[in-house]
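Scroll down for the structure; my scribbles are underneath it.
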Amino acid sequence: MAGSGTGGDHANYGGSSDGNPAAAAGQCSVREQDRFMPIANVIRIMRKVLPTHAKISDDAKETIQECVSEYISFITSEANERCQREQRKTITAEDVLWAMSKLGFDDYIEPLSLYLQRYRELEGDHRGSIRGEPLPTIRHRSPNPSTDVVPFFPQPPPPSFVVPPPSGPPHLNHLYGDGAGGYYYGMYGGGDGSGASTSQDPPMPGFDHSYAPYKQ
Amino acid sequence: MRQAGTYSAILSGGVSGRTGPHSLPLARIKKIMKRSGDDVKMISGEAPIVFSKACELFIEELTQRAWMMTLQGKRRTLHKEDVAAAVMATDIFDFLVEMVSDSNGTQMAPATKSNISVAER
């Protein structure tokens, strides 16, 4: 059963290995399913980073779909060469990460290492064994890793309401004492009426905490 | 909640479910890996896992860069030419140049090319 499936794969591949993958795109119905990621998954990921009003032409979808396959092959070839140099037979996750780093995708290493780490933890829960291979510790080119990750993900929208300037209440707090501070604290919705009793906590940090997600 | 998406797939079926609705199919990834060379012998189970996330990052980056080209052209539809322009303008996408440039014999418009050089470099 498995043998016949593999044989079919090879025959398929041999028939079109030297052809331009884009040529197959012209005849959608004849596209070889096994050579590409499912188009629906590709589109879903594309939509995730595009504004809602954006439209995507069919040829753009197919092009990206083809690019993904090319990307996998490109990275795998490099990883495979490394395995052969080191006379190993199995391409590991570390080989893949190493190849990505070598081929310029350094920015992917950190999120991917984290992803793999999480996967191993979850697998460890299920199987009771975690492969202890250390992850490659490849550093980012930029000193601040967080700035490298940011461009890949959309920024959160700004809050739709105006945050009151945070200068007033602390100032008044000093002028009028704890009671006034508690009053203002409660007025802005930062406390539940207990503001006056916790006089050692200045009221404004409540603001900072509430809006911390918008500031990062 | 609004920020979900970066790593949340890990917890919501992406990895734990292995073939959850939100991940790229691992079997397909493995097939494509095997086809990248006759001498590819064995593939660790974790390698497609890494690729499933890597492909996601790759699609996101390529799409965003292509969309920048769409916006430069003051359009709202992302076309293949935008993907091609993004590939041309990005060093790490050099391996895709042949793939995006020679199909149907249509190269990207010269105007698009000049736009890239101004914008990216």
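Just so we're clear, the structure is a prediction, and the values are computed from it rather than from any experiment.
Applying the side-chain contact (heavy atoms from CB on, under 4.5 Å) test between Asn41(A) and each of Pro25(B), Ser52(B), Cys55(B) identifies Pro25(B) as the sole match.
Interface residue Phe74(A): only side-chain heavy atoms are found under 4.5 Å from chain B. Both the backbone and the side chain of Val68(A) come within less than 4.5 Å of a heavy atom in chain B. If you measure heavy-atom distances from Asp94(B) to chain A, you find no contacts under 4.5 Å at all. Both the backbone and the side chain of Val40(B) come within contact range of chain A, with heavy atoms under 4.5 Å apart. Proximity to chain A (any heavy atom under 4.5 Å) is shown, for Ile32(B), by both the backbone and the side chain. Both the backbone and the side chain of Asp59(A) come within contact range of chain B, each with at least one heavy atom under 4.5 Å from a heavy atom of that chain.
When Ile72(A), Val96(A), Ile56(A) are compared by the number of non-hydrogen pairs under 4.5 Å with chain B, Ile72(A) comes out ahead. Per-residue counts of heavy-atom pairs under 4.5 Å with chain A were compared for Ile59(B), Val83(B), Ile43(B); the largest is that of Ile59(B). Counting heavy-atom pairs closer than 4.5 Å to chain A, the top residue among Ile29(B), Thr63(B), Leu96(B) is Thr63(B). Most heavy-atom pairs under 4.5 Å with chain A, from the set Lys34(B), Met42(B), His79(B): that is Met42(B).
Atom CZ of Arg88(A) has more than 12 heavy atoms from other residues, nucleotides or ligands within 6.0 Å.
Between Met100(A) and Phe51(B), the closest side-chain pair of non-hydrogen atoms falls below 4.5 Å.
Relative ring orientation between Phe93(B) and Phe95(B) is described as perpendicular, the plane-to-plane angle rising above 60° on a 0-90° scale split at 30° and 60°.
Of all heavy-atom pairs between Ser101(B) and Met88(B), the closest is CB-CE, 3.8 Å.
Atom-to-atom distance recorded for Arg76(B):CZ and His53(A):NE2 is 4.5 Å, nearest 0.5 angstrom.
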Practice task
List the steps, then state whether side-chain hydrogen bond (donor to acceptor under 3.5 Å, both in side chains) holds for Ser77(A) with Asn80(A).
Solution key: CA-CA 5 Å; Ser77(A) 298; Asn80(A) 190 44; over 6 Å; no
